[in-house]
Enquirer: 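Take a look at the following structure, please.
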Amino acid sequence: MLQLKQVIADHRLKQSNLAQYLNVSNTAVSLLINLNTWPKKTDKAEFKQRIISWLAQKGITANDSVFNVVTEGGHPQPLLEISPPTNNEDYYMILEKQHLTKAAGNAFDLKVNPFDEPRSIDDLYLSPEAKILYEDLYIATKCSQFIAVIGESGSGKTTLKKALKARVARAKDKVIFVEPYIIGMESNDQKGKSLKVTQIIDAIKAAIAPTAAKPRSIDDRFRQVHTLAAEAVSNGYQIVIIIEEAHSLPNDTLRHFKRILEMESPDGFNSLFTVLLIAQPELLLTLSKHNKEIREVTQRCTIEKLAPVTNYLEDYLAHTFNKANKKLAEVIDQSGIDELKQKLSYRRYGETEPNHYPLVINNTLIAAMNIAAETGQSLITGEIIKEV
């Protein structure tokens with residue numbers, strides 16, 4: 001907070017009177033004295049002088065020291081200034097992970113946190129496009145397919161995978177999921193630990209027959225997995241290999257997927273496996289038709305993209321707060337929704353791109369709710385969204 005906050009409190013002044021004098025909102029003053037967030041489109045030096053003049057009218061002699069950042073105990077804190085990029089493109093900065101404060105929960109009368117991870121399929125929001133993808137993925141658990149699910153960070157890829165597995169479990173479908181260990185996975189061994197095709201083979205074997213002895217030679221391990229997988233398929237199972245963070249797969253591993261996909265079912269017409277690659281958009285570069293190293297794999301892969309919820313933003317918001325038994329209008333007004341939609345759009349290469357993905361939306365709303373609670377408000381408006 002600013003030292004100014006303590007000065008106002010010590011002299012029993014009202015923030016609302018300062019806001020009126022400065023011709024700004026109460027929110028703007030609260031953001032200033034609590035979070036050192038200055039109103040946009042104002043001359044900072046002139047704004048400071050006006051505040052000092054207001055204090056002088058109240059009989060308080062002050063200088064620039066009232067704008068020092070201090071802790072609640074009054075100890076100075078260093079100021080941190082962040083400068084935006086100096087290019088001509090507009091830019092968008094993703095908020096770091098936000099946490100709903102207790103004060104915000106009380107201000108909005110929330111009994112549960114609407115931003116918690118979904119606990120069931122019913123908690124999951126799916127746009128019309130995402131529902132189609134969800135159905136496509138479920139169909140893929142019943143017949144051999146090779147699909148890459150592409151989405152931005154926070155778009156809901158992992159949540160969609162969890163929902164898929166939950167649906168399979170609820171339906172008691174005969175599906176064996178294979179998920180190779182990917183912690184620390186990188187595209188090459190200089191950056192971290194790359195995922196090798198032999199590790200995928202070992203993961204398949206561990207999922208189908210964990211107690212079977214593992215042959216030493218690579219060819220024998222492929223042969224063993226082929227036999228085990230064919231037997232499982234003959235018994236009515238579908239084997240689904242899921243690899244998250246697939247944008248970090250090296251070309252060599254992707255190229256060798258061809259060998260896995262060529263392991264045929266007993267009838268000789270279908271692959272034994274369904275493969276789901278879950279990745280960020282960087283995988284699109286790897287799977288480009290211009291990447292000759294893996295073109296035989298690319299030709300076999302269906303690419304599905306998780307789109308933002310731009311056209312369904314209000315539906316998403318209503319669904320989110322319904323989990324906490326709150327009506328949307330009790331949390332955010334139309335100006336807040338409109339400003340949220342505009343704020344989460346940015347310019348890239350001369351074109352406007354939406355960034356309306358669940359994680360980004362949630363973080364922005366949490367920050368807005370925290371600000372609202374800090375300023376004594378219980379409804380998110382467009383003005384509050386602007387201050388996030």
Side-chain angles (χ1 to χ4, degrees), residues 112-182 200 203-204 206-208 210 229 232-247 257 260-261 265 270-280 283 300-309 311-312 315-325 356-359 361-362:
V112 298
N113 189 339
F115 305 105
D116 282 343
E117 287 291 320
R119 298 184 179 181
S120 69
I121 295 178
D122 293 334
D123 281 348
L124 180 66
Y125 175 80
L126 294 175
S127 68
E129 291 91 341
K131 287 179 181 178
I132 294 173
L133 174 55
Y134 182 51
E135 292 301 323
D136 287 345
L137 295 181
Y138 184 63
I139 292 172
T141 66
K142 299 180 178 298
C143 58
S144 300
Q145 295 189 44
F146 184 25
I147 300 175
V149 179
I150 307 293
E152 295 284 355
S153 177
S155 60
K157 302 184 297 295
T158 299
T159 302
L160 194 63
K161 181 205 75 172
K162 291 178 180 178
L164 176 67
K165 294 179 67 176
R167 180 175 178 178
V168 166
R170 188 167 64 180
K172 298 182 179 180
D173 294 331
K174 298 179 73 173
V175 176
I176 299 173
F177 286 104
V178 179
E179 298 185 74
Y181 196 70
I182 61 166
I200 299 173
I204 297 171
I208 300 175
V233 171
S234 295
N235 289 327
Y237 286 92
Q238 182 67 29
I239 306 167
V240 180
I241 303 171
I242 300 178
I243 299 181
E244 291 202 70
E245 307 299 325
H247 50 274
F257 258 112
I260 295 175
L261 295 169
S265 59
N270 298 295
S271 170
L272 291 169
F273 306 101
T274 282
V275 177
L276 300 181
L277 304 180
I278 300 177
Q280 294 183 23
L283 184 63
R300 291 170 166 81
C301 183
T302 300
I303 295 176
E304 300 276 8
K305 298 179 182 179
L306 261 177
V309 298
N311 297 327
Y312 316 100
D315 288 343
Y316 172 77
L317 296 176
H319 176 90
T320 298
F321 290 111
N322 184 57
K323 292 187 292 183
N325 294 317
H356 306 116
Y357 294 102
L359 182 60
I361 295 170
N362 291 354

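Computed from a predicted structure; not experimentally measured. These values consider heavy atoms only, across backbone and side chains, with no hydrogens, waters or symmetry-generated copies.
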Enquirer: Dump the intermediate steps for side-chain contact (heavy atoms from CB on, under 4.5 Å) on Val168 and Val240, then the final yes or no.
Expert: CA-CA 11 Å; Val168 166; Val240 180; over 6 Å; no

Enquirer: Is there a side-chain contact between Glu245 and Gln280 (heavy atoms, below 4.5 Å)?
Expert: yes

Enquirer: CD1/Ile204 to CD1/Ile176 distance, rounded to the nearest 0.5 angstrom?
Expert: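 Here the rounded value is 10.5 Å.
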
Enquirer: Keeping the roles fixed (side chain from Lys142, backbone from Asp173), state whether a donor-acceptor pair exists under 3.5 Å.
Expert: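 No; judged by distance alone, with no hydrogens or angles, the pair does not exist.
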
Enquirer: Testing the basics here: between Pro180 and Ile200, what is the closest heavy-atom pair and its distance to 0.1 Å?
Expert: CG-CG1, 4.2 Å

Enquirer: I need the Glu129 CD to Lys305 NZ distance, nearest 0.5 Å.
Expert: 13.5 Å

Enquirer: Using every non-hydrogen atom in the two residues, find where Ser155 and Pro358 come nearest and quote the distance to one decimal.
Expert: O-CD, 3.8 Å

Enquirer: Apply side-chain contact (heavy atoms from CB on, under 4.5 Å) to Leu137 and Glu304, showing your working.
Expert: CA-CA 10 Å; Leu137 295 181; Glu304 300 276 8; 5.8 Å; no

Enquirer: CG of Leu306 to OH of Tyr357: how many Å apart, nearest 0.5 Å?
Expert: 8.0 Å

Enquirer: For Leu272 and Gln238, which heavy atoms make the closest approach, and how far apart are they?
Expert: O-NE2, 4.2 Å

Enquirer: Is a donor on one side and an acceptor on the other found under 3.5 Å between the side chain of Thr274 and the backbone of Ala140?
Expert: yes

Enquirer: Measure across Val309 and Tyr316 and return the closest heavy-atom pair with its distance rounded to 0.1 Å.
Expert: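 Looking at all heavy atoms of both residues, the closest pair is CG2-CB, 4.3 Å.
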
Enquirer: So, the side chain of His319 versus the backbone of Asp123: is there a donor-acceptor pair under 3.5 Å, distance only?
Expert: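 Side chain of His319 to backbone of Asp123, a donor-acceptor pair under 3.5 Å: yes, one is there.
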
Enquirer: Could you tell me if the ring centre of Phe321 sits under 6.0 Å from that of Phe115?
Expert: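 Aromatic pair counts; centres sit under 6.0 Å.
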
Enquirer: Would you indicate whether the side-chain heavy atoms of Ile361 and Thr320 approach each other to under 4.5 Å?
Expert: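 No - every pair of side-chain heavy atoms lies 4.5 Å or more apart.
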
Enquirer: Could you measure the distance from the CD1 atom of Ile303 to the CD1 atom of Ile147? Nearest 0.5 Å is fine.
Expert: 11.5 Å

Enquirer: Are any side-chain N or O atoms of Lys174 and backbone N or O atoms of Gly236, one a donor and one an acceptor, separated by less than 3.5 Å?
Expert: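 Not at all, since once roles are kept as given, no pair shorter than 3.5 Å links the two residues.
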
Enquirer: Salt bridge between Arg167 and Glu135, side-chain N to carboxylate O under 4.0 Å?
Expert: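 Judged by the 4.0 Å cut-off on N to carboxylate O distance, Arg167 and Glu135 do form a salt bridge.
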
Enquirer: What's the spacing between Asn322 CG and Asp315 CG if we round to 0.5 Å?
Expert: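 Output value for this atom pair is 11.5 Å.
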
Enquirer: One pair to check against side-chain contact (heavy atoms from CB on, under 4.5 Å): Ile208 and Tyr237. What are the steps and the verdict?
Expert: CA-CA 10 Å; Ile208 300 175; Tyr237 286 92; over 6 Å; no

Enquirer: Which of these passes side-chain contact (heavy atoms from CB on, under 4.5 Å) with Gln145: Leu276, Thr302, Val275, Ile139?
Expert: Ile139

Enquirer: Do you know the tightest heavy-atom contact between Tyr134 and Ala163?
Expert: OH-O, 3.4 Å

Enquirer: Test side-chain contact (heavy atoms from CB on, under 4.5 Å) on Leu317 and Tyr125 and set out the steps.
Expert: CA-CA 10 Å; Leu317 296 176; Tyr125 175 80; over 6 Å; no

Enquirer: Which heavy atom in Lys161 sits nearest to a heavy atom in Ile242, and how many Å separate them?
Expert: CD-CG2, 3.8 Å

Enquirer: Rounded to the nearest 0.5 Å, what separation is found between the CG atom of Leu277 and the NZ atom of Lys157?
Expert: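 The distance works out to 12.5 Å.
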
